[in-house]
> 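Quick one: this structure, given as structure tokens, is what I'll be asking you about.
Chain identifiers are assigned alphabetically (A, B, ...) following the order of the sequence lines, protein sequences preceding nucleic acid strands; residue numbering begins at 1 within each chain.
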Protein chains: 2
Amino acid sequence: MRTLIKHALGSDSPMDSIVIKGWVRTRRDSKEFSFLEMNDGSCLANIQCIADAGIPGYEHIGKMSTGAAVGITGKLIESPGQGQKWEVQVTELELIGEAPSDYPLQKKGHTPEFLRSISHLRPRANLYGAVFRMRSRLAHAVHRFFEERDFTLVHTPIITASDCEGAGEMFRVTTQDPTNTKADKPEEDFFAKATYLTVSGQLEGEAFATALSNIYTFGPTFRAENSHTSRHAAEFWMVEPEMAFCDLEGDMDLAEEFVKYLVKDILENNEGDLDIFCKFVDKSLRERLEFVVERSFQRVSYTEAVEILIQSGKKFEYPIEWGVNLQSEHERYLTEEHFKSPTTVYNYPKSVKPFYMRTNDDGKTVTAMDLLVPGIGEIIGGAQREERMDVLKKNMEEHGLSDEDYWWYLDLRKYGTCPHAGFGMGFERMLMFVTGMKNIRDVIPFSRTPGSCEF
Amino acid sequence: MRTLIKHALGSDSPMDSIVIKGWVRTRRDSKEFSFLEMNDGSCLANIQCIADAGIPGYEHIGKMSTGAAVGITGKLIESPGQGQKWEVQVTELELIGEAPSDYPLQKKGHTPEFLRSISHLRPRANLYGAVFRMRSRLAHAVHRFFEERDFTLVHTPIITASDCEGAGEMFRVTTQDPTNTKADKPEEDFFAKATYLTVSGQLEGEAFATALSNIYTFGPTFRAENSHTSRHAAEFWMVEPEMAFCDLEGDMDLAEEFVKYLVKDILENNEGDLDIFCKFVDKSLRERLEFVVERSFQRVSYTEAVEILIQSGKKFEYPIEWGVNLQSEHERYLTEEHFKSPTTVYNYPKSVKPFYMRTNDDGKTVTAMDLLVPGIGEIIGGAQREERMDVLKKNMEEHGLSDEDYWWYLDLRKYGTCPHAGFGMGFERMLMFVTGMKNIRDVIPFSRTPGSCEF
């Protein structure tokens with residue numbers, strides 16, 4: 001029975017017999033024995049294995065080079081060496097799969113760009129193994145957070161017939177061939193109409209929240225925007241909770257609790273993976289994460305935030321005045337310099353926000369909120385939704401949206417309407433925050449960006 | 001602070017003050033008081049609320065009809081009535097949102113077809129609320145199972161450039177307009193090539209398993225097949241684990257453990273939702289689920305299975321002989337009549353299985369396995385993968401697949417190749433098994449089928 005290296009390294013006691021299977025990271029030979037540093041992807045750390053010359057399988061030692069798959073039988077013993085508690089005294093070696101000398105992940109530095117071109121091998125590199133274990137851990141923490149709080153997970157549809165909130169350019173989904181010269185008609189397409197990839201599960205989430213009370217979605221979303229920045233991908237994952245009988249304040253409470261929960265979970269349960277980010281990616285990472293867990297969140301209205309920014313006397317690239325959206329530089333000033341704590345800004349101008357947000361009594365702001373963290377700015381955006389039929393219809397009219405397209409969304413206001421609120425968190429943005437990774441392409445297993453859809 | 005009805009009903013003791021918010025299921029009035037059956041979607045059961053005439057808010061009682069959103073303040077007291085432990089003695093009523101008399105979910109039976117046409121309101125119906133809570137519970141159990149066993153969750157891509165395994169017809173993803181008469185070219189499309197919606201994350205999953213050892217995917221997959229059966233949808237969710245250094249036997253072990261785990265979890269943690277399926281959908285449901293948990297799984301080779309079917313003397317609609325795929329009727333005979341237990345069939349003919357399955361020494365079978373359960377037949381399909389470069393290339397050639405298209409998949413065999421295995425479970429199929437629901441459209445929040453993409 002194979003033992004994962006994370007369990008071997010975490011063992012309480014020596015083991016008379018252990019089987020390790022994994023890939024060689026490095027090997028050093030002397031005349032009498034060889035050191036093999038083995039990794040199986042279960043954790044960042046390698047386990048050191050000492051194989052005496054002449055043991056069964058040693059005749060293939062020359063082929064057990066970096067990247068080769070090797071099976072090791074031996075004893076788990078206390079390591080006399082520095083830096084590790086356990087090592088394996090090998091009794092038998094098995095060469096499972098060689099790695100020829102053109103194996104691209106030889107022990108040396110590689111650029112992120114090169115590693116993206118070998119995304120199928122990239123998780124074998126220490127840093128990327130850590131990224132993708134963190135991604136999994138963060139996803140599990142998301143589910144645990146909501147499960148503990150009685151939220152029902154809803155799989156909202158990926159293929160949709162409506163551009164729900166005008167959140168961005170959409171991909172068309174079709175069984176017609178767009179390169180065919182003969183024009184087809186939408187009514188002859190698979191779904192008998194034009195269909196797209198979803199940009200958000202929120203509207204469908206609202207339908208489920210107004211039936212099951214507390215729900216969340218966690219699934220892929222899509223933007224067909226020709227963006228070449230380090231923060232945009234055509235395909236990314238979103239977390240979107242929605243709560244019936246909840247107002248803006250309850251929404252902000254949940255968002256703040258959620259961020260703290262995720263960051264605390266990563267600080268406490270990273271099994272060594274956080275170290276590699278702190279060492280090679282961002283030396284202030286741990287400090288910033290602890291800052292978010294320890295500091296209480298500030299809350300400030302958009303109007304107050306604009307006042308603060310104007311009175312700061314600071315020169316911003318994008319001038320600030322009431323009515324414009326906050327830019328990253330503004331958000332970072334508020335959280336990093338002014339409040340020196342994570343900050344939630346609420347009640348934004350109606351003109352810069354989507355149609356479904358609830359209009360405040362002042363008539364010019366809506367119950368939107370953005371949660372800002374140091375180093376990154378907005379990490380969550382949410383709102384209390386407009387639950388009043390007449391106001392919603394008026395907003396839709398102003399946004400040029402027709403009642404017929406949204407008949408079912410309006411039904412939620414017609415039958416047993418109630419105050420409700422929710423938010424969206426870009427999953428990759430949170431993953432970038434907890435790892436310090438700077439490019440979204442490096443935290444997605446196989447990223448999709450304009451002109452690039454490999455693997 | 002609002003209390004969810006599931007917590008109120010599960011309370012250990014009376015409460016002097018409680019706030020319930022939800023929707024009226026039914027109301028009965030007498031001269032002195034009204035009974036309100038309230039539901040908030042947190043559980044199947046309603047909570048009974050007794051409001052004396054004349055309390056604050058009672059003046060709106062006439063508008064608190066089926067479907068209306070109502071807030072209730074009161075005391076949680078022991079119920080003198082039959083069938084419930086607690087009820088609420090109301091001290092104040094709040095009409096939050098009315099439901100006019102054309103509310104479609106009046107208390108009477110509705111056909112599944114009608115309810116699909118109001119998928120946005122359907123989760124407010126008892127049966128569908130239970131379906132979607134079960135869906136969430138089952139998804140959480142999937143994640144818990146793999147997290148407890150050190151599997152890393154991998155988000156494999158949804159948009160893909162390759163028809164990975166020829167598993168079925170694919171949807172095209174494009175930013176070109178397929179109804180435009182002017183022909184565009186794939187190289188002018190968003191990704192500079194033709195792209196599709198994924199049919200499986202397996203191949204990308206293999207890349208991560210051969211780096212991180214044990215991984216799983218859980219995400220949406222797509223088939224553009226013009227199927228109008230009760231078991232097919234164009235969009236559905238799949239769970240696909242993949243394990244490095246694992247053979248067919250280890251794969252079957254995991255699959256059997258997984259099925260038992262999920263069914264046991266649903267039996268033990270359904271908070272009353274299972275009752276409604278046993279009562280209204282399938283009276284033998286609980287028995288069948290217990291059968292799966294209690295009986296040990298049988299294993300039989302395909303060749304033996306065919307022998308059993310032939311010797312049964314039974315007339316099948318599809319005649320059985322060595323070399324043909326098993327049909328549902330054959331699968332059900334094996335599990336329901338012959339073995340009388342869940343059954344795993346392995347080593348299928350090479351000719352009926354995809355290119356990536358490992359060829360056995362006999363040259364004519366591959367290390368495929370299907371896990372069969374009573375009432376439904378195949379619920380999991382998996383295989384040990386072909387890890388030998390030369391054999392894999394030969395299989396690809398026989399399937400007309402080019403080395404260039406699969407360069408990265410071949411790389412996994414070139415560099416440190418190792419035996420590995422995995423399987424796929426259709427999430428909706430498992431959900432249908434544990435609820436007894438007969439149509440896949442009724443277990444997906446907003447289902448997508450040929451000609452139908454509403455909401």
> Side chain, backbone, both or neither: which part of B:F151 has a non-hydrogen atom closer than 4.5 Å to chain A?
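Contact with chain A involves the backbone of B:F151 alone.
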
> For each of B:L95, B:I444, B:I159, B:D40, tally heavy-atom pairs with chain A at distances under 4.5 Å, and name the one with the top tally.
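Of the options given, most contacts go to B:I159.
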
> Report which part of A:L4 has an atom under 4.5 Å of a heavy atom belonging to chain B: side chain, backbone, both, or neither.
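The side chain, not the backbone.
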
> Indicate, with yes or no, if the rings of A:F171 and A:Y196 have centres closer together than 6.0 Å.
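No, they do not, as the ring centres are separated by 6.0 Å or more.
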
> Of all the heavy-atom pairs spanning A:Y103 and A:T66, show the shortest one and how long it is.
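Smallest heavy-atom distance, with atoms named: CD2-O, 3.4 Å.
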
> By a 4.5 Å heavy-atom criterion (distance strictly below it), what part of B:T217 contacts chain A: side chain, backbone, both, or neither?
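Answer is neither: B:T217 stays 4.5 Å or more from chain A.
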
> In terms of heavy-atom pairs under 4.5 Å with chain B, which of A:E235, A:E454, A:E187, A:K21 leads?
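It is A:E235.
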
> Is chain B contacted by the side chain of A:S117, its backbone, both, or neither, given a heavy-atom distance below 4.5 Å?
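Just its backbone gets close to chain B.
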
> Can you tell which part of B:T152 gets under 4.5 Å to a heavy atom of chain A, answering side chain, backbone, both or neither?
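Both backbone and side chain.
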
> Is B:S452 in contact with chain A via its backbone, its side chain, both, or neither, using a 4.5 Å heavy-atom distance?
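Interface part for B:S452: backbone (N, CA, C, O).
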
> Can you name the nearest heavy-atom pair linking A:S65 to A:V24, along with the distance?
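The answer is O-CB, 3.4 Å.
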
> When heavy-atom pairs shorter than 4.5 Å are enumerated against chain B, which of A:D189, A:T174, A:T195, A:T449 gives the highest number?
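Highest number of heavy-atom pairs under 4.5 Å: A:T174.
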
> For the residue pair A:R448 and B:T160, confirm or rule out a side-chain donor-acceptor distance under 3.5 Å.
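The criterion, which ignores hydrogens and geometry beyond distance, is not satisfied for B:T160 and A:R448.
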
> Counting heavy-atom pairs under 4.5 Å with chain B, which one of A:A224, A:C418, A:A99, A:G67 comes out on top?
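Between A:A224, A:C418, A:A99, A:G67, the count favours A:A224.
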
> Evaluate B:F208 against A:F446 for ring-ring contact (aromatic ring centres under 6.0 Å, His included), listing each step before the verdict.
CA-CA 11 Å; B:F208 271 69; A:F446 299 93; 5.7 Å; yes

> With a 4.5 Å cut-off on side-chain heavy atoms, are B:M243 and B:S213 touching?
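No, too far: nothing below the 4.5 Å cut-off.
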
> Measure the acute angle between the ring planes of B:F455 and A:W408, then classify it against the limits of 30° and 60° as parallel, tilted or perpendicular.
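The rings of B:F455 and A:W408 stand perpendicular, inter-plane angle above 60°.
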
> At a 4.5 Å cut-off on heavy atoms, which part of B:F427 comes close to chain A: side chain, backbone, both, or neither?
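Only the side chain of B:F427 comes within 4.5 Å of chain A.
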
> If I measure from the heavy atoms of chain A, does B:I118 come under 4.5 Å with its side chain, its backbone, both, or neither?
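For B:I118, there is no contact with chain A at all, as no heavy atom is under 4.5 Å.
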
> Give, as side chain, backbone, both or neither, the part of A:P123 having an atom under 4.5 angstrom from any heavy atom of chain B.
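For A:P123, backbone and side chain are both near chain B.
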
> Check whether A:R144 gets within reach of chain B through its side chain, its backbone, both or neither, counting any heavy atom under 4.5 Å.
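Side chain only.
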
> Side chain from CB out, backbone as N, CA, C, O: work out which of these in B:I158 comes under 4.5 Å of a heavy atom of chain A, or both, or neither.
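Looking at B:I158, backbone and side chain both touch chain A.
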
> So, for B:H120 and A:D411, which heavy atoms are closest and what is the spacing to 0.1 Å?
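Closest pair (atom of B:H120, atom of A:D411, distance): NE2-OD2, 2.9 Å.
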
> So what's closer than 4.5 Å to chain A heavy atoms on B:P450: side chain, backbone, both or neither?
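Both parts, backbone and side chain.
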
> Side chain from CB out, backbone as N, CA, C, O: work out which of these in A:R133 comes under 4.5 Å of a heavy atom of chain B, or both, or neither.
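Looking at A:R133, backbone and side chain both touch chain B.
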
> Is the distance between the ring centroids of A:H140 and B:F146 under 6.0 Å?
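Ring-ring flag for A:H140/B:F146: false, centres at least 6.0 Å apart.
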
> Will you find, in the side chains of B:D150 and A:H7, an N or O donor that is under 3.5 Å from an N or O acceptor?
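Result is yes, a qualifying pair exists.
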
> Of the backbone (N, CA, C, O) and the side chain (C-beta and beyond), which part of A:F236 lies under 4.5 Å from a heavy atom of chain B, both, or neither?
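Neither part.
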
> At a heavy-atom separation under 4.5 Å, does B:L412 approach chain A through its side chain, its backbone, both, or neither?
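Both parts, heavy atoms under 4.5 Å.
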
> So for A:A209, is it side chain, backbone, both, or neither that comes closer than 4.5 Å to the heavy atoms of chain B?
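Only the backbone of A:A209 comes within 4.5 Å of chain B.
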
> So which residue, B:N39, B:T156, B:V70, B:V173, ends up with the most heavy-atom pairs under 4.5 Å with chain A?
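Max contact count across the listed options: B:V173.
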
> Select, from B:I96, B:N226, B:L197, B:T210, the one with the greatest count of heavy-atom pairs under 4.5 Å involving chain A.
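When all of B:I96, B:N226, B:L197, B:T210 are compared, B:T210 has the most.
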
> B:E206, B:K193, B:R124, B:R172: which one forms the most heavy-atom pairs within less than 4.5 Å of chain A?
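With the most close heavy-atom pairs to chain A, the winner is B:R172.
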
> Are B:F132 and A:V154 close enough that some pair of their side-chain heavy atoms sits under 4.5 Å apart?
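Not touching, per the 4.5 Å side-chain cut-off.
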
> Measure B:N214 against the heavy atoms of chain A and call it side chain, backbone, both or neither at under 4.5 Å.
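When you check distances to chain A, only side chain atoms of B:N214 fall under 4.5 Å.
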
> Considering non-hydrogen atoms only, spot the tightest contact between A:P100 and B:K414 and give its length.
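Shortest heavy-atom contact: CD-O, 3.2 Å.
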
> I'd like to check A:L121 versus B:Y415 (side-chain heavy atoms, cut-off strictly below 4.5 Å). Are they in contact?
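Yes, their side chains come closer than 4.5 Å.
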
> May I ask you to decide whether B:E271 forms a salt bridge with B:K6, counting only side-chain N to carboxylate O separations under 4.0 Å?
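Yes, B:E271 and B:K6 are salt-bridged.
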
> Go through the atoms of B:E98 and report whether side chain, backbone, both or neither lie under 4.5 Å from a heavy atom of chain A.
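Backbone only.
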
> Would you say A:L105 and A:R122 make side-chain contact, with heavy atoms under 4.5 Å?
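They are not in contact (no side-chain heavy atoms under 4.5 Å apart), so the answer is no.
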
> Using heavy-atom distances under 4.5 Å, tell me whether A:F222 contacts chain B through its side chain, its backbone, both, or neither.
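For A:F222, side-chain heavy atoms alone lie under 4.5 Å from chain B.
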
> Quick one: what part of A:I215 sits under 4.5 Å from any heavy atom of chain B, side chain, backbone, both or neither?
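When you check distances to chain B, no heavy atom of A:I215 falls under 4.5 Å.
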
> Please determine, among A:A192, A:G451, A:P104, the option with the most heavy-atom pairs under 4.5 Å with chain B.
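Option with the top pair count is A:G451.
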
> Verify the ring-centre separation between B:F218 and B:H143: is it less than 6.0 angstrom?
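B:H143 vs B:F218: aromatic centres under 6.0 Å.
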
> I need the minimum non-hydrogen distance between A:W23 and B:A244, along with the two atoms involved.
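That closest heavy-atom pairing would be CH2-CB, 3.9 Å.
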
> If we define contacts as heavy-atom pairs under 4.5 Å, which of A:R2, A:E387, A:Q176 has the most with chain B?
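Heavy-atom pair counts peak at A:R2.
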
> Which atoms of B:A68 come close to chain A, meaning under 4.5 Å heavy atom to heavy atom: side chain ones, backbone ones, both, or neither?
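The backbone, not the side chain.
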
